[in-house]
Structure formats: structure tokens, C-alpha cells
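Below is one structure; the comments refer to it alone.
All chains are named by letter (A, B, ...) in the order of the sequence lines, taking the proteins before the strands, and each is independently numbered beginning at 1. Please read all numbers here as calculations on a predicted model, not as lab measurements. Keep in mind that the numbers below use all heavy atoms, side chains included, and drop hydrogens, waters and symmetry copies.
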Amino acid sequence: MDKGMDRTPLGREFFDRPVLEVAPDLLGRVLVRSTDEGAIELRLTEVEAYAGEIDPGSHAYRGRTARNSVMFGPPGHSYVYFTYGMWHCLNLVCGPEGKASGVLLRAGEIRVGAEMARKRRFSARHDRELAKGPARLATALDVDRALNGVDVVAGRRRPLSVLQGSPVAPDQVRSGPRTGVGGAGAHQPWRFWIDGDPTVSPYRAHAPRRRAT
DNA sequence: TTTCAGATGCTCT
DNA sequence: GAGCATCTGAAAA
């Protein structure tokens with residue numbers, strides 16, 4: 001355990017800021033997932049910002065739908081969606097209400113509850129692979145759409161919350177653009193990660209997939 | 001070690 | 001009906 005770790009939960013005001021301020025600030029914070037079996041704590045090492053209005057890669061870019069309606073709501077809530085027919089991804093809604101922006105939690109380091117995470121991620125060979133990638137992170141933390149729209153900053157016994165954690169020095173934070181995004185904001189660095197951290201998911205250039213014959 | 005293609009079903013056009 | 005904010009296991013080098 002980290003002796004210098006601050007266990008104060010983050011408040012609503014933390015999330016009620018522009019997404020590009022919140023995203024890098026989430027690095028080094030500790031996400032707590034509480035279940036009946038116990039708690040899993042995860043130090044965030046990689047995140048990605050999604051700004052609904054100007055980001056062509058965002059689910060909310062084309063307006064409100066049944067799926068993304070949580071992103072249009074107040075900050076400090078979780079947004080969970082199902083993708084590729086198999087996986088869930090966990091986001092935290094931020095920015096002023098109505099802005100439809102959020103931060104995708106891409107990777108992290110399990111600090112507490114690794115045994116529970118290993119049960120769900122039995123194929124992981126090393127602990128650093130337990131939450132290396134957004135779908136793996138959601139799997140390790142037992143996150144599914146039942147957690148969509150959960151308030152992470154208020155209420156007793158909430159299943160998800162975020163602690164202050166241990167801050168990351170600014171020179172440790174790296175950022176870069178997403179691939180395959182054009183239009184407004186194409187040069188905006190949407191991804192943020194902790195430099196050299198072994199739990200950061202590997203960069204993969206976007207490659208067109210060949211059709212099956 | 002890196003690269004590749006298949007799996008899978010929800011969501012929007 | 002096409003595309004998707006991905007992962008995994010197998011195979012090559």
C-alpha cells in the first residue's frame with residue numbers, strides 16, 4: 001500500500017470542469033469498486049477524454065440517444081457501454097451538465113483485491129495485465145451495464161468511488177492524439193498516461209481490417 | 001518477441 | 001445491415 005496515499009473521496013467539483021482538465025488529473029487517483037465480496041482498488045494509469053460536441057470519436061457527437069443519455073447528465077456519474085459484442089467499458093462523466101463529455105478509463109494498476117480480479121481475469125499471466133486495456137479494466141472490476149449512471153461522488157455504499165490517491169508529477173504525464181480522428185479537434189491530445197508505467201495498454205496504430213472472404 | 005484474424009451482439013443509419 | 005473507444009490465442013520470426 002501507498003503510505004502517502006490520500007483516501008479522501010473526490011467531490012462533485014472535481015468532475016465539474018472541462019474534460020481536458022479532468023482527464024490528466026485523474027492519473028494516479030484510486031478507483032474503488034465495492035462488491036458483496038469486498039473492495040477492489042485501482043490506481044489509474046491511462047485515460048482518454050471524450051468531448052461530445054467537438055469529438056467525432058465520441059458516442060455523443062451525433063446527439064443524444066438512449067445509450068449515451070448518461071453523458072448528457074450531471075458530472076460525477078459513471079457511463080458504461082457494451083462494445084464489440086463482448087466487452088464493457090467504463091467512463092466517468094465530467095464537465096458542466098449538458099456538455100456530454102466523459103473520460104474513458106483505459107488502464108490501471110490493481111492495488112487492493114487482486115485475488116478477486118484474478119478470478120475474473122484468469123487468463124492474465126501477470127498482475128500488470130489485469131487491467132491493461134479498457135475492456136480488461138471493466139472485466140477485472142466486475143463492471144457491467146448495471147453500473148451505468150451510478151453516482152460516484154454521493155450516497156452511502158456506492159459501488160464506485162474515486163479517491164484522491166497519490167498525485168502524479170506533471171513531467172510524468174504523457175499525452176497524445178487518438179488515431180483515426182479527423183475534423184475539429186484532430187490535433188487535440190485526447191489520451192493521457194503515466195510515462196513508463198507497465199500497466200499502460202500498448203499503442204496500436206489504427207489499421208483497416210481485411211474483410212473475411 | 002511481434003503480428004494477425006476471428007469472435008460477438010448492441011447501436012445507429 | 002454495417003460498424004464498432006477490443007481481446008485473445010495461435011503462429012511466425
Side-chain angles (χ1 to χ4, degrees), chain A residues 19-20 22-24 26-27 31 42 44-73 77-95 99-110 117-149 160 174-193 198-213:
Chain A
V19 64
L20 288 174
V22 175
L26 275 169
L27 294 174
L31 179 71
L42 177 105
L44 295 170
T45 59
E46 184 186 0
V47 299
E48 192 163 305
Y50 285 86
E53 299 171 320
I54 58 170
D55 181 359
S58 171
H59 284 172
Y61 184 58
R62 290 176 198 182
R64 185 173 189 145
T65 65
R67 174 169 67 158
N68 65 28
S69 63
V70 172
M71 285 185 82
F72 289 81
H77 288 247
S78 62
Y79 167 48
V80 180
Y81 66 87
F82 189 66
T83 190
Y84 285 97
M86 278 172 281
W87 312 108
H88 297 277
C89 292
L90 173 61
N91 303 249
L92 297 177
V93 178
C94 63
K99 282 281 187 182
S101 56
V103 179
L104 170 68
L105 309 183
R106 292 190 58 90
E109 172 194 0
I110 306 255
R118 283 191 210 107
K119 274 194 225 166
R120 283 185 275 273
R121 295 268 306 115
F122 52 84
S123 63
R125 298 196 176 195
H126 304 286
D127 279 5
R128 64 173 177 274
E129 293 178 356
L130 287 173
K132 188 175 185 168
R136 293 168 173 181
L137 186 152
T139 302
L141 268 55
D142 196 22
V143 168
D144 60 26
R145 281 184 298 173
L147 291 179
N148 189 31
L160 283 171
R174 291 293 135 99
S175 63
R178 273 200 312 268
T179 55
V181 174
H187 302 293
Q188 190 66 247
W190 301 103
R191 297 179 65 218
F192 301 91
W193 66 94
T199 62
V200 173
S201 57
Y203 174 80
R204 284 193 198 168
H206 183 267
R209 295 168 53 196
R210 286 201 302 199
R211 289 181 156 281
T213 49

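Whole-Å rounding puts the His88(A) NE2 to dT11(B) C1' distance at 14 Å. Summarising the geometry, the separation between OH on Tyr61(A) and P on dG3(C) is reported as 19 Å, rounded to the nearest angstrom. Rounded to whole Å, atom P of dC10(B) lies 14 Å from atom CG of Asp144(A). The CZ atom of Arg62(A) sits 12 Å away from the C1' atom of dA2(C) (whole-angstrom rounding). Between the CD atom of Glu129(A) and the P atom of dT6(C) there is a distance of 17 Å, rounded to whole Å. Atom CZ in Arg145(A) sits roughly 15 Å away from atom P in dA5(C) (whole-Å rounding). Distance CG (Leu90(A)) to P (dT6(C)): 14 Å, rounded to an integer number of Å. Summarising the geometry, the separation between CZ on Phe122(A) and C1' on dT8(C) is reported as 11 Å, rounded to the nearest angstrom.
For dT8(C), the OP1/OP2 oxygens have a side-chain nitrogen or oxygen of Arg136(A) closer than 4.0 Å. Between His59(A) and dT11(B) there is no side-chain polar atom (N or O) within less than 4.0 angstrom of OP1 or OP2. Taking only side-chain nitrogens and oxygens, Thr65(A) comes nearer than 4.0 Å to OP1 or OP2 of dC12(B). Taking side-chain N and O atoms only, Arg106(A) has no distance below 4.0 Å to OP1 or OP2 of dC7(C). OP1 or OP2 of dA5(C) has not a single side-chain nitrogen or oxygen of Arg67(A) nearer than 4.0 Å. Thr83(A) has no side-chain polar atom (N or O) that falls below the 4.0 Å cut-off from OP1 or OP2 of dT6(C).
Between Arg121(A) and Glu129(A), the shortest heavy-atom distance links the atoms NH2-O, 2.9 Å. Scanning both residues, Val200(A) and Ala107(A), for their nearest heavy atoms gives CA-CB, 4.3 Å. Here the closest heavy-atom approach between residue Leu137(A) and residue Arg106(A) is recorded as CD1-C, 4.0 Å.
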Exercise for review: Any chance you could lay out the side-chain contact (heavy atoms from CB on, under 4.5 Å) test for Val93(A) and Asn91(A), step after step, and finish with the verdict?
Suggested key: CA-CA 6 Å; Val93(A) 178; Asn91(A) 303 249; 6.0 Å; no
Practice item. Determine, stepwise, if the pair Leu141(A) / Leu31(A) fulfils side-chain contact (heavy atoms from CB on, under 4.5 Å). Key: CA-CA 10 Å; Leu141(A) 268 55; Leu31(A) 179 71; 3.4 Å; yes
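Closest contact between the side chain of Phe82(A) and the listed nucleotides dC10(B), dA7(B), dC12(B) involves dC10(B). Residue Met86(A) has its side chain nearest to dA7(B) when only dA5(C), dT6(C), dA7(B) are considered. Of the candidate nucleotides dC10(B), dT8(C), dA5(C), dA5(C) has the atom lying nearest to any side-chain atom of Tyr79(A).
Using modelled atom types, no side-chain atom of Thr199(A) and backbone atom of Arg128(A) make a donor-acceptor pair closer than 3.5 Å.
Listed by chain and number, the residues in a ring pair (Phe, Tyr, Trp, His ring centres under 6.0 Å) with Tyr79(A) are Tyr81(A) (sequence neighbours excluded).
Both thresholds, 5.5 Å between centres and 30° between ring planes, are met by Tyr84(A) relative to the base of dC4(C), so the two rings are stacked.
Stem regions for DNA chain C, each three or more consecutive Watson-Crick or G-U pairs with both distances under 3.5 Å and listed by first number, read B:1-7 with C:6-12, B:9-12 with C:1-4.
Taken from CG in Leu90(A) to CG in Asn148(A), the straight-line distance is 9.5 Å, to the nearest 0.5 Å.
The residue Arg125(A) sits apart from the nucleic acid: no heavy atom pair falls under 4.0 Å.
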